[in-house]
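Keep in mind the model is a prediction, meaning the values are calculated, not measured. When a ligand or atom number is given, it counts from 1 through the structure's own listing order.
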Amino acid sequence: MNNMQIIRGFRDILPENIKLWQKVEKEAKELFEDFGFDEIRLPVLEKTEVFARSIGEATDIVEKEMYTFPDRKGDKLTLRPEATASMVRAYVQHKMYASDPVRKFYTIGPMFRRERPQKGRYRQFYQIDAEIFGVESAYVDANLIFLLNELFSRLGLSDLKAHINSLGCPDCRPDFQKALLNLLESKKEELCPDCIRRKESNPLRTLDCKVPQCKEALKEAPTTLDFLCKECHGHFETVKRVLKQQNVEFIEDKTLVRGLDYYTRTAFEIQTTSLGAQSAVAGGGRYDLLVKEMGGPDIPAIGFAIGFDRLVEVMEALEKSADKQLLDLFIIALGDAATEKGYYWSTDLNLKGIRCEIDYRGKSLKALMKRADKLGAKYVLIAGEKEIKENALILRNMNTREQISISADNPVADIVGAFKKNN
Ligand code: HAM
């Protein structure tokens, strides 16, 4: 094994693949800003407590997927597996609720989970995360799902479906849990070892076990929807009504339980059929108790995170491409004097917003014309010794093959002029 190779489950996103990432990021930022979200940037490392307490000690993430290590003084630190806990930590720590509890934030960045790597699943992956604090109304639940739907449609993705469920609240959860535990007890001979364990530690998670035997045994399991209290029921009905009104297609999915413990009421995922097993491109939900649990006042909240890597993979599968950015101008400078001048021209042009390159390797005119072609240059500026001496550089339009002669005294202004005229 070569020690200079990247860590398993981590990857480089290379320049040839970055355009789609930039396109998604640009669309997302524009849309979020229009919908009143402000960007926030958070550290990738937090005290382990921040995640363990919020995500839940008995979840897969906390039990087996976090990158946790002691720092040199012995503090237990964790590379963030998600952004919500850090977001709440920051909201509480900076008392952001003091002037106005209603705040809307988004953040984009890397997350870390030590899962088994496969397509669409990495140990360092990226999320586009948005959270709304301080609003209990079901309108914001619908609004967030609407927002996701709008983003995906702007990106040209139509095979995505919202799955929604309600997980209830502390008033209705206990009755549901009792019913579920009764069933789990009666079916315990048929459950997989993981579900036997979950029965004690996190019974809700048995509902989305993928083992066929468990699926069969829990076919008739009670669902949170069967037990919703009047308020939770009304809340969920409003979410569905508003989504219908706004023509957002969704599936009411009573098996959707999510992998994090902090959820109450609305939970949702956006799923695709084009990524095999890793079908969730985004997930989120309401977490009305978490701000208080993390030391803040009693303030409701809701949010989602988009799996950036997966979203880009869906777009690649559908052959959505971002336009490759081509070169505006390639400077062919022949000889030392021309190269020196060409260097200053190219820097000036870069400063004026023209994507321009110059080659310093002393190659022939023929070789450099070939290179200009390869780079997809729209224009080529030819500055040989003869052109400099005669004060007549050649500016060639590579599409039309039209050539004009420009002065070597101030070619930058002429080139900018030519660009303004033709673009
Ligand atoms: P999550 O469902 O754990 O939720 O993750 C959200 C999305 O991140 C997933 O739907 C998936 O697309 C992507 N994702 C998760 N793990 C990986 C991985 N190993 N490799 C690639 N992509 C992955 C959360 O993280 C919550 N914090 C969402 C939230 C925000 N809930 C409320 N606010």
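- In plain terms, the two heavy atoms of F330 and A377 that are nearest each other are CB-CB, 3.9 Å.
- No more than 12 heavy atoms of other residues, nucleotides or ligands sit less than 6.0 Å from atom OH of Y343.
- The side chain to side chain contact (heavy atoms under 4.5 Å, CB included) test with P300 is passed by exactly one of K292, E136, R265: E136.
- When only modelled atom types and interatomic distance are considered, T347 and N350 share no side-chain donor-acceptor pair under 3.5 Å.
- Contacts of ligand 1 (protein heavy-atom distance under 4.0 Å) are E82, T84, R113, E115, G120, R121, Y122, F125, Q127, D129, E131, R258, L260, Y262, Y263, A280, V281, A282, G283, G284, G285, Y287, G303, F304, A305, G307, R310.
- By the 4.0 Å N-to-carboxylate-O rule, R103 lies too far from E131 to be salt-bridged with it.
- Contact check on D75 versus K47 returns no salt bridge, with no Lys/Arg side-chain nitrogen under 4.0 Å from an Asp/Glu carboxylate oxygen.
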